[in-house]
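Written out below as structure tokens is the structure these notes cover.
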Amino acid sequence: MSSHTSPAIELRGTSKAFRTPSGALHTAVRDLDLTVGHGEFVAVVGPTGCGKSTTLTLVSGLEEPTEGEVLVAGEPVRGIASNVGFVFQQDAVFPWRSVLSNVMAGPRFRGVPKAEAKERAREWLARVGLSSFEDRYPHQLSGGQRKRVALASTFVNDPEILLMDEPFSALDVQTRALMSDELLELWAGTGACVVFVTHDLEESIALADKVVVMTAGPATVKEVFEIDLPRPRKVESVRLEPRFVEIYREIWSSLGEEVRITRERGAVDA
């Protein structure tokens with residue numbers, strides 16, 4: 001386990017530029033400063049295409065910054081770390097493996113003996129309510145069940161940092177609410193910090209300790225809002241709280257401005 005004297009995640013003056021197919025340089029994020037504490041749940045919202053997902057790839061080590069620094073537990077990110085879990089928008093499951101084999105895969109890749117990996121996988125499948133599905137294959141599962149497999153496959157590795165890129169966006173509204181509640185239950189007590197990218201402002205407020213609003217691209221942090229709703233939370237009931245509505249209005253006044261800027265740019269470019 002890493003030392004908790006430094007924040008879990010720090011981005012300091014971080015920028016990332018990509019070369020487009022035409023050869024031009026596209027800056028996804030610019031001068032990004034962001035700190036995430038240990039055990040903290042931070043949601044990141046911003047206009048479409050502003051660079052939210054790029055922020056996650058920089059933290060994960062999948063991409064290197066063009067400028068600035070990315071630190072995890074006080075150490076510069078150098079490639080993909082074993083203590084970081086990543087849940088993608090698309091189901092990152094192996095279609096040719098059974099549910100049990102999918103959840104065992106991470107520990108096995110990390111050198112955990114087969115019997116122990118199987119025991120840990122079964123424990124997490126029980127926690128996500130899929131014990132009776134361990135012999136099924138992904139194509140035999142619903143969208144919500146596949147997402148549960150993805151969560152179990154991530155949590156089984158005991159990550160200190162959990163990066164989530166719109167993980168529930170493809171689910172229907174009811175399943176999405178159930179998965180949000182399930183995520184909060186799975187996360188509680190793990191000590192992991194979460195960075196959760198979403199387009200859904202209600203989702204971000206219901207889940208997070210802090211909501212980070214990104215500017216229209218190239219993204220930087222515009223404002224950070226503390227979410228003072230008590231825990232534990234149930235997503236559907238917390239949305240009915242008067243304080244939830246107040247927070248929503250406050251954040252939307254900041255986020256809505258960036259969404260309008262992005263739309264106006266699109267209209268000009270069209």
Side-chain angles (χ1 to χ4, degrees), residues 9-16 26-37 40-59 68 87-89 162-171 173 176-177 179-181 183-184 187 193-231 233-270:
I9 300 168
E10 279 184 281
L11 293 97
R12 300 176 180 167
T14 306
S15 298
K16 178 64 181 180
H26 169 69
T27 302
V29 297
R30 177 181 290 153
D31 297 328
L32 188 60
D33 292 309
L34 180 63
T35 301
V36 181
E40 195 169 44
F41 197 124
V42 174
V44 179
V45 296
T48 301
C50 76
K52 300 183 296 295
S53 297
T54 300
T55 303
L56 293 187
T57 60
L58 291 169
V59 174
V87 180
F88 297 90
Q89 186 173 357
L162 184 57
L163 307 175
M164 309 190 79
D165 192 1
E166 297 194 68
F168 307 144
S169 62
L171 302 175
V173 174
R176 189 169 180 159
M179 290 307 306
S180 294
D181 283 338
L183 170 62
L184 290 178
W187 165 69
C193 82
V194 179
V195 183
F196 188 102
V197 163
T198 178
H199 278 98
D200 188 328
L201 182 53
E202 287 194 14
E203 182 177 58
S204 71
I205 298 167
L207 291 173
D209 299 312
K210 289 194 308 199
V211 173
V212 176
V213 175
M214 306 284 261
T215 63
T220 193
V221 173
K222 181 181 184 181
E223 283 189 82
V224 178
F225 295 86
E226 300 283 342
I227 307 302
D228 56 6
L229 298 167
R231 294 192 186 276
R233 297 178 198 161
K234 287 290 183 184
V235 166
E236 287 303 308
S237 56
V238 79
R239 288 177 178 176
L240 303 175
E241 297 285 337
R243 179 63 184 140
F244 184 96
V245 179
E246 289 174 15
I247 294 168
Y248 185 96
R249 285 183 179 140
E250 187 181 356
I251 299 177
W252 178 249
S253 68
S254 179
L255 174 60
E257 189 179 341
E258 301 306 314
V259 171
R260 283 191 293 274
I261 290 168
T262 302
R263 283 180 182 157
E264 286 164 11
R265 285 180 185 170
V268 170
D269 293 341

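We number each residue from 1, following the sequence as shown.
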### Message
Among residues at least two apart in sequence or on other chains, which ones pass side-chain hydrogen bond (donor to acceptor under 3.5 Å, both in side chains) with E236?
### Response
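Result, side-chain hydrogen bond (donor to acceptor under 3.5 Å, both in side chains) vs E236: none returned.
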Of the non-hydrogen atoms in [X] and [Y], which two are nearest, and what is the gap between them?
| X | Y | answer |
| --- | --- | --- |
| S169 | R176 | CA-NH1, 3.6 Å |
| S254 | E223 | OG-OE2, 2.9 Å |
| R233 | A208 | NH1-O, 2.9 Å |
| I9 | C193 | CD1-SG, 4.0 Å |

### Task
Mind checking the CD1-OH spacing from I205 to Y248? Nearest 0.5 Å is all I need.
7.0 Å
## Note on the structure
So OG1 of T14 and CG of D31: to nearest 0.5 Å the spacing works out to 9.0 Å
Are side-chain heavy atoms of [X] and [Y] found at a separation under 4.5 Å?
| X | Y | value |
| --- | --- | --- |
| T57 | K16 | no |
| F196 | L183 | yes |
| E258 | I261 | yes |
| W252 | V45 | no |
| L207 | M164 | no |
| I227 | K210 | no |
| L11 | V59 | yes |

Main-chain N/O of [Y] paired with [X] side-chain donor or acceptor, under 3.5 Å:
| X | Y | value |
| --- | --- | --- |
| K52 | P47 | yes |
| T215 | T220 | yes |
| T262 | A216 | no |
| D181 | V235 | yes |
| T35 | E10 | no |
| D209 | V42 | no |

### Message
Once you measure the plane-to-plane angle for W187 and F41, does it fall in the parallel (<30°), tilted (30-60°) or perpendicular (>60°) bin?
### Response
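Ring orientation, 0 to 90° scale: perpendicular.
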### Test side chain to side chain contact (heavy atoms under 4.5 Å, CB included) applied to R231 and L184, step by step
CA-CA 10 Å; R231 294 192 186 276; L184 290 178; 3.7 Å; yes
### Under the salt bridge (Lys or Arg N to Asp or Glu O under 4.0 Å) test, residues paired with E202 that sit two or more places apart
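Here the qualifying residues are R239.
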### Query
Would R243 and E246 pass as an ion pair if we require N to O under 4.0 Å?
yes
### Task
Mind running side chain to side chain contact (heavy atoms under 4.5 Å, CB included) on S180 and E203 for me, showing each step along the way?
CA-CA 8 Å; S180 294; E203 182 177 58; 3.9 Å; yes
### Query
Out of I247, L255, I251, which one pairs with V211 under the side-chain contact (heavy atoms from CB on, under 4.5 Å) rule?
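By the side-chain contact (heavy atoms from CB on, under 4.5 Å) criterion, V211 pairs with just one of I247, L255, I251: I251.
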### side chain to side chain contact (heavy atoms under 4.5 Å, CB included) evaluation trace for T55 with L32
CA-CA 9 Å; T55 303; L32 188 60; 3.6 Å; yes
### Query
Does the side chain of S53 come under 3.5 Å of the side chain of D165 through a donor N or O and an acceptor N or O?
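Yes, a side-chain donor-acceptor pair sits under 3.5 Å.
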### Query
How far apart are the C-alpha atoms of L58 and V29, what are their side-chain angles, what is the distance that settles it, and do they pass the side chain to side chain contact (heavy atoms under 4.5 Å, CB included) test?
CA-CA 10 Å; L58 291 169; V29 297; 4.0 Å; yes
### Query
Does CZ belonging to R30 count more than 12 external heavy atoms closer than 6.0 Å?
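Atom CZ in R30 is not crowded, with 12 or fewer foreign heavy atoms closer than 6.0 Å.
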